[in-house]
Amino acid sequence: MPEERRIALSYLGRVEPGSIDDYIAAGGYAALKAALARQPDELVAELSASGLRGRGGAGFPTGRKERSTAQACEECDCYVVCNADEGEPGTFKDRVIMEGEPHVLVEGMIIAAYAIGAGAGYIYIRGEYSRSIELVGKAIADARQGGFLGKNLLGSGYSFDIELRRGAGSYLCGEELTLLESLEGKRGYPRIKPPFPAEVGYRGTPTLVSNVETFANLPFIAERGAEAYLALGTPSSPGTKIFCLSGDVEKPGFVEVEFGTSLRSLVEDFAGGVRGGGRPLAVLLGGAAGTFVPGEDLDLPMDFDGLRKLGLTLGSGAVMVLGPRRSLSAMISSMMDFFRHESCGKCIPCRVGTHRLARAAARLVETPKAERKMLLGSMVAEARLMASTSLCPLGQSPVLPLESAFARLQDSL
Amino acid sequence: MTEAGFVEIVIDGRTFLAREGELLLVAAREAGFPIPSLCWHRKLSPTGACRLCVVKVEGSRGLVTSCSIYVKAGMVVTAFDEELEEARKFILDYLLSEVDCGTDGTFRDEFAELVERYGLAEPSARRFPKLDMAEAGRAVDSSSPVLTFDPSRCVKCFRCVKACAEVQGKGVLQMAERGLRSVILAGTGTWGASECDGCGECIQLCPTGAIVEKPHRGEIDLASVEAHVPTTCPYCGVGCQMELLVQDGRILRVEGIEGKSPNDGRLCVKGRFGSDFVHSPERLMKPLVREEGRLREASWDEALGRAAEGFLAVKGKYGSGALAGYSSAKCTNEENYLFQKLVRVSFGTNNVDYCTRLCHASTVTAMLKAIGDAAGSNSIEDFETADCLLVIGDNLIETHPVTATYVKRGKAAGSRIVLIDPKETPLARYADIWLRPRLGTDVALLNGMTRLVIQRGWIDRDFIERRVHGGMASFAQLEALVAAYTPERVLGITGVAPSDLVEATRLYATAPTAMIATGMGMSQQTTGTHGVFSLMNLMLACGKIGKQGCGIDPPRGQNNVQGATDVGASPIYYPGYIPSSDAVNRARIARLWGVDPGELSGSRGLTTIEIAKAAHDGQIKGMLIMGENPLITDPNSAHVEEALRSLDILVVQDIFMTATAALADVVLPAASFAEKEGSFTNSDRRVLRVRRAVDSPGEAREDLWILQELAKRMGRPIGSYAGASEVFDEIAQAAPILGGLDYQRLGGGGIQWPCPDSKHPGTPTLFLDRFSTEDGLASFNPVDYEEQSELADSAWPFVLNSGRILYQYHSATMSRRCPVLVEYANEAYVLMHPADAARLGLSDGERVRISSRRSSIETKLRCSEEVSAGELFMPFHFEESPVNRLTRDELDPHSKIAPFKYSACKVERA
Amino acid sequence: MEARDRLLSALCEVQESSLQNYLSPEGLKELSRRFALSMAELRGVASYYSMLSLRPRGRHIIRLCVSPVCRMLGSVDLLGLIEGELGLRAGETSSDGLFTLEETQCLGRCAGAPAMMVDAQVYENLDIEGVRRILASYRKVKGGTGA
Ligand SMILES: Cc1cc2nc3c(=O)[nH]c(=O)nc-3n(C[C@H](O)[C@H](O)[C@H](O)COP(=O)(O)O)c2cc1C
Ligand code: SF4
Ligand code: SF4
Ligand code: SF4
Ligand code: FES
Ligand code: FES
């Protein structure tokens with residue numbers, strides 16, 4: 001059985017959550033000191049070399065984003081924004097980090113900010129995460145008190161501070177450009193992309209937007225170097241990943257393992273297998289904007305590119321298990337309801353499409369088995385048109401689970 | 001190589017040149033690829049909501065919206081193929097399941113047009129059934145006076161939201177809710193109760209029947225509209241270009257003309273909804289003559305005869321100097337030109353003036369002295385692009401709403417606004433800093449700012465040395481004078497905190513480019529000229545004029561204040577600002593006019609208020625008034641009334657029976673702006689065409705005709721012209737600044753004077769090389785602060801300020817005959833600070849009596865923190881509460897302007 | 001004029017200071033002045049976010065997760081139960097003004113599904129008995145935070 005390997009969660013259980021003294025005693029903020037001793041561009045190179053990929057869902061190389069933000073903001077102030085809006089159903093890893101040891105996020109953000117030369121940072125936490133808001137708020141204050149934030153931090157000559165902002169209930173605000181709109185106090189409408197945040201971000205200035213877990217990996221890389229990081233995981237997805245195990249399993253929860261760990265191991269070893277026994281009907285990877293894997297295909301290496309090649313998504317790391325007697329149609333229906341609820345309504349295809357798909361999915365549950373296939377087929381066709389014409393990734397998402405269900409799970413409908 | 005800025009791109013296999021950086025959608029359409037769209041509009045930032053404009057671009061994944069990407073060299077684009085057309089049809093079909101389309105003929109429906117184009121007009125062709133939770137159930141909101149909002153036709157293109165926010169800078173509208181429940185919201189859901197001020201920009205930009213103009217909706221049928229007549233707005237001095245939609249001989253709708261300066265399609269509520277007065281049944285339709293004390297209808301022949309006889313009698317008995325004329329800032333350049341020609345030739349005097357004396361005479365006096373020209377130095381667009389804008393005594397948002405849109409857009413783009421105003425005007429919320437000096441203390445404030453500029457080293461030494469007469473030596477005098485205006489002293493006089501004074505000064509003085517807008521708040525004081533002098537001193541010390549993006553504009557209150565003086569309606573100037581004392585010019589003009597130079601008076605004529613005073617004193621005996629209503633608009637109006645009553649002959653040309661006309665011996669019904677050809681010149685010196693759209697009612701005639709006829713009957717004809725165009729050609733000969741203009745050139749859009757010859761493109765910014773003074777240099781005019789001659793005291797404890805509001809105009813003769821404007825505001829009131837009201841035991845809405853040393857009037861009390869304690873404000877538009885009975889006619893000695901902004905008063909329960 | 005990027009926080013604060021858990025007209029008017037924003041702009045922003053309300057709500061807000069995991073593990077039944085217990089439908093406020101029931105999307109508590117929040121307090125692994133107990137505890141300390 002594979003071992004857990006904790007990086008983002010390395011302090012979990014070893015410290016009193018949110019205690020800066022505990023954190024420092026356990027080795028915290030040493031990475032920051034190491035980072036401040038180096039030149040920013042060296043640091044960016046190190047982070048790039050580590051091959052770290054964003055943990056917010058898209059798996060984009062973090063180093064590349066940092067480099068372009070750093071370049072774009074040579075002349076101006078730029079920002080670092082932490083995306084802690086975690087709203088993807090089945091995902092709760094960011095909360096585990098923030099409630100387990102918020103300082104690792106703060107430390108990671110300072111390192112990133114120093115590397116790209118940002119003057120200010122924001123952590124945008126979804127409004128429902130009251131405990132995270134509390135702990136991160138305290139962590140920021142304590143870090144400031146301890147000289148890790150603020151003017152001339154740790155005597156380095158570098159100044160940086162973080163403000164906490166809370167969301168107020170919108171999944172779409174987790175999409176990076178929408179998040180920036182929301183940070184600016186506006187309705188959560190996605191911006192037209194390009195430009196990307198690295199070019200035009202918060203208040204029109206270059207901005208690095210990364211996920212909580214992404215930042216939480218930075219102290220490790222800054223302290224131990226890219227080599228040590230590359231030694232973990234797979235060549236295309238180095239390092240570790242927190243997976244969120246939920247649904248019909250014996251031991252739902254989270255686990256941080258190296259990339260490349262098999263799905264079967266996650267379900268059977270770490271989650272203790274299907275609750276009540278048997279083979280799962282299916283596993284939903286990556287949440288509502290994710291894809292279904294049939295219960296018999298669990299021998300998959302969990303890394304970004306391996307799954308992508310199979311037309312699957314690793315996404316945010318949600319692993320949702322459907323027991324053998326579950327209704328796939330009902331699952332699809334709740335996912336389509338989710339999209340309808342979260343569509344911002346700005347563009348026609350998604351505004352109308354999410355509504356129609358939710359309606360159709362509700363019918364799917366009631367339709368005689370024989371007709372489900374056809375109905376699902378027409379849903380897929382509509383979702384494809386939606387995907388090709390929608391403004392933002394939300395409207396492009398419903399097609400993912402629908403297509404994967406249609407392609408792999410027709411017979412389980 | 002290709003032309004600079006143009007690059008090759010390929011669309012659907014065709015290679016052509018497109019402007020680099022141009023929106024792909026625009027470039028494609030220009031090249032003949034009709035890519036559909038709903039949410040895009042040329043005036044708005046890309047929205048990307050409707051998705052209809054999708055195309056494929058080589059190298060980009062999937063479909064991209066052509067309204068959000070820009071032309072790059074070598075771009076290879078597919079605009080039309082089966083997949084794209086399928087996607088567009090799918091989107092339209094989707095939209096059809098959500099909202100209704102089709103027009104009843106009162107609006108254009110771009111959605112319906114696309115539905116037709118994509119073969120979806122027949123319900124049977126549609127794939128998706130109507131959604132049950134869609135808009136159908138949402139009620140139409142017709143609470144606004146100007147529009148109806150029908151959510152069931154709203155395609156959610158955001159054009160209205162952006163029209164209001166990005167174009168007009170108001171941000172009244174926003175989408176509410178999300179997903180399929182999204183709905184356009186005004187206020188808390190009732191348009192009529194929202195902050196909407198009725199400018200109608202959202203109506204103009206809405207592509208469907210969701211927002212439709214309400215007035216005349218029952219009558220208009222776009223297919224039956226017989227003419228779209230481009231013309232110039234008859235209200236304020238912005239000079240908005242607009243189109244009159246005429247059906248059955250009536251103006252049923254007004255639209256802003258997109259893409260034309262100065263307004264690029266924008267209008268304010270008056271421009272868009274203020275034309276109904278043209279068709280008012282109260283229009284004067286027959287000439288009237290007074291008989292046994294009463295006015296009765298007469299023929300033109302009789303009326304003109306009576307007028308001519310009357311004037312000739314006065315002239316015979318008392319001489320030419322006993323005649324005078326009030327020309328009009330509402331009338332065209334051509335009319336004003338003929339008017340002054342009539343006064344100078346037929347009356348034989350320079351006693352011609354008009355209401356400019358009442359608004360900007362002090363500004364004019366000070367600017368002429370300091371920089372040699374009194375017109376706005378810069379284009380309206382500079383209000384948007386300047387890094388800093390200093391607005392002083394100017395309620396821009398209400399009095400020049402379209403200029404204000406430039407200001408607000410500039411602000412949104414990051415420019416800074418310094419506001420100086422005792423009253424809280426709507427601009428205050430946009431201002432980076434708002435100084436609130438006590439009424440009448442501007443000179444002290446501005447001197448204090450100049451002192452700071454010197455002290456902090458913010459002066460532009462190079463500019464002073466090169467461009468100011470006397471250079472640093474002359475500056476030394478200014479420096480010596482302002483030295484006494486320490487921040488503490490300024491605080492004592494004005495009440496403005498030193499830190500605010502510093503911040504305001506810093507913003508203005510250190511901005512790379514900075515503009516000044518100065519208004520009536522500055523000019524209408526007995527110290528008006530000094531106020532503007534001290535403002536000019538500050539500007540010159542900072543070197544914030546004479547270069548691109550820097551200057552001073554005094555926005556003009558009326559449509560043609562600028563033009564009237566340009567063409568010589570002035571006791572001092574001949575057309576083109578040549579002093580009447582200039583014998584050479586007089587001789588030149590006499591030749592042009594075909595009269596003997598000796599017949600033209602070379603002495604300075606009387607100004608507006610001097611004329612009234614002279615009439616009161618029996619020195620003026622006959623007056624011709626064209627389109628002005630001095631009884632309401634002039635100070636100390638009881639005095640004016642006596643003056644007018646004492647005349648031997650008073651002749652009034654107007655479109656309505658105004659209070660002034662009611663006193664006349666002869667009333668001549670004139671044509672409105674919509675019934676004649678001509679031109680207006682706006683605040684930024686743009687000469688703009690006025691065009692005939694409808695026939696005059698009854699026997700009303702154009703002022704041009706009236707003036708020619710009157711002169712003829714006085715035996716001193718002023719020429720006979722086939723039309724306004726010929727008059728304009730003569731103006732171009734008389735006034736060198738307009739020398740290069742004619743109707744043909746103006747047909748393409750306004751041109752800014754000076755435009756000396758037919759090749760000259762016009763002049764957007766004045767003074768780039770030299771000032772218009774004799775030596776080409778500007779001058780400092782150091783002035784000390786003087787206390788107001790009338791001060792509040794225990795008997796007269798309040799200081800009354802007067803001014804305008806958005807919905808009414810001048811004496812309201814036009815605006816109060818437009819139902820929409822009346823619906824917005826039709827009641828006189830006085831604003832008082834709530835604390836004062838409480839102290840006096842008065843409550844909001846009560847009737848109060850306001851008295852000054854001159855007279856007293858009644859009106860309604862409104863408690864508001866817009867005014868400071870101890871100060872009052874009243875709009876002057878309302879005849880029933882004529883605030884000018886309270887104002888003084890004590891004049892600024894330099895410019896003869898009256899202090900409308902400062903009268904000591906008391907208030908009691910009526 | 002306050003900087004716009006503080007608006008969302010300010011909206012939350014105004015809502016929290018209201019006894020009825022909503023953005024009152026007076027509160028919005030105050031914000032309109034502070035931020036120089038129109039009423040529609042404020043309401044537009046507020047109505048976008050599901051945690052903000054323009055209508056008065058109960059003292060306690062129950063947010064029951066109806067996202068896929070919780071729904072699979074029974075939250076729909078619990079929804080019916082709470083509706084019955086409180087005599088209301090989702091989205092409504094109980095007649096005693098104590099509770100407003102809202103459906104919410106994933107609360108990030110999927111390992112403890114089905115889950116719900118009452119105000120800031122999270123409850124996991126809910127079943128019928130548990131929900132009854134929780135409701136009762138809030139009823140008992142009428143007015144308390146229950147946390
Ligand atoms: C609809 C939608 C919701 C998203 N929600 C989140 C989220 O809650 N948290 C997150 O980190 N990224 C989220 N993302 C991804 C972000 O857009 C973005 O890729 C991410 O913040 C980048 O950080 P990373 O590079 O560290 O992954 C979401 C994307 C979409 C399209
Ligand atoms: S795809 Fe959906 S969520 Fe994205 S902009 Fe369009 S309507 Fe909004
Ligand atoms: S009429 Fe003008 S102010 Fe009113 S909502 Fe439309 S654009 Fe805004
Ligand atoms: S009201 Fe008109 S302009 Fe506004 S969103 Fe709807 S369709 Fe577009
Ligand atoms: S016109 Fe491009 S998306 Fe609407
Ligand atoms: S699905 Fe309910 S908490 Fe995640």
Side-chain angles (χ1 to χ4, degrees), chain A residues 168-173 177-178 181-182 185-195 200 203-205 336-360 362-363 378 381-396 399, chain B residues 38-40 45-54 56 60-65 67-70 83-84 86-99 111 127-135 155-158 161 165 171 174-183 185 413-414:
Chain A
S170 154
Y171 163 65
L172 183 55
C173 286
L177 285 164
T178 316
E181 285 284 292
S182 182
K186 302 182 188 151
R187 286 170 64 78
Y189 280 139
R191 295 183 184 165
I192 297 171
K193 211 190 264 191
V200 181
R203 293 175 155 180
T205 353
M336 295 303 123
D337 279 354
F338 172 77
F339 286 121
R340 169 170 60 184
H341 188 260
E342 299 300 337
S343 166
C344 75
K346 178 169 175 182
C347 71
I348 300 168
C350 172
R351 182 171 74 234
V352 176
T354 50
H355 185 79
R356 282 184 47 86
L357 288 178
R359 283 291 158 95
R363 254 183 294 139
S378 74
E382 217 170 304
R384 280 198 186 124
L385 274 168
M386 264 176 76
S388 69
T389 52
S390 283
L391 166 58
C392 89
L394 193 146
Q396 295 157 6
V399 74
Chain B
L38 272 178
C39 68
W40 176 80
S45 64
T47 303
C50 75
R51 319 304 296 165
L52 287 167
C53 69
V54 284
K56 295 176 193 162
S60 302
R61 217 155 33 90
L63 310 183
V64 293
T65 43
C67 71
S68 63
I69 54 168
Y70 300 87
E83 185 192 350
L84 287 167
E86 180 59 30
R88 291 168 186 150
K89 187 168 173 177
F90 161 76
I91 294 166
L92 288 168
D93 212 349
Y94 248 20
L95 192 53
L96 278 168
S97 75
E98 186 188 11
V99 300
F111 177 32
R127 275 165 64 199
F128 308 111
K130 206 90 185 168
L131 296 173
D132 45 6
M133 73 154 286
E135 298 291 345
V155 298
K156 287 147 196 145
C157 65
F158 293 80
V161 174
Q174 184 50 281
M175 196 69 82
E177 307 288 338
R178 68 190 193 200
L180 203 60
R181 309 167 103 97
S182 305
V183 62
L185 183 72

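Per chain, numbering begins at 1; letters A, B, ... match sequence-line order.
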* Asked: Which residue out of Ser390(A), Ala387(A), Cys350(A) racks up the most heavy-atom pairs below 4.5 Å with chain B?
  ->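 Most pairs with chain B among the choices: Ser390(A).
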* To do: Could you walk me through whether Leu63(B) and Thr389(A) pass side-chain contact (heavy atoms from CB on, under 4.5 Å), step by step?
  => CA-CA 7 Å; Leu63(B) 310 183; Thr389(A) 52; 4.2 Å; yes
Please report the shortest heavy-atom distance between [X] and [Y], naming the atom on each side.
X	Y	answer
Ser182(B)	Cys344(A)	OG-O, 3.7 Å
Gly48(B)	Leu391(A)	O-CD2, 3.6 Å
Arg178(B)	Ser170(A)	NH1-CB, 3.6 Å
Leu131(B)	Val352(A)	CD1-CG1, 3.9 Å
Arg51(B)	Cys347(A)	CD-CB, 3.7 Å

* What pairs with Glu177(B) under salt bridge (charged side-chain N to carboxylate O under 4.0 Å, His left out), at least two apart in sequence or on another chain? ->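 By the salt bridge (charged side-chain N to carboxylate O under 4.0 Å, His left out) rule, Glu177(B) matches no residue at all.
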* Flag the pair Arg351(A) / Leu95(B) as yes when at least one side-chain heavy-atom distance between them is below 4.5 Å, and no otherwise. =>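 Yes, side chains in contact.
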* Is the closest side-chain heavy-atom distance between Arg191(A) and Ser68(B) below 4.5 Å? ->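 A side-chain contact under 4.5 Å is absent here.
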* Do the side chain of Arg187(A) and the main chain of Met175(B) share a donor and acceptor less than 3.5 angstrom apart? ->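 Confirmed, Arg187(A) side chain pairs with Met175(B) backbone.
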* So what's closer than 4.5 Å to chain A heavy atoms on Val64(B): side chain, backbone, both or neither? ->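 Looking at Val64(B), nothing touches chain A.
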* To do: Sort Tyr94(B) into side chain, backbone, both or neither according to what part of it lies under 4.5 angstrom from a heavy atom of chain A.
  =>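 It is both, since atoms from each part get that close.
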* Asked: Hey, which of Val54(B), Leu38(B), Ile91(B) has the most heavy atom pairs under 4.5 Å with chain A?
  ->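 Answer, by heavy-atom pair count under 4.5 Å with chain A: Ile91(B).
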* Might you work through the side-chain contact (heavy atoms from CB on, under 4.5 Å) test for Lys346(A) and Thr47(B), ending with a clear yes or no? => CA-CA 9 Å; Lys346(A) 178 169 175 182; Thr47(B) 303; 3.8 Å; yes
* What's the spacing between Ile348(A) CD1 and Leu92(B) CG if we round to 0.5 Å? ->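 Reported to 0.5 Å precision, the distance equals 7.0 Å.
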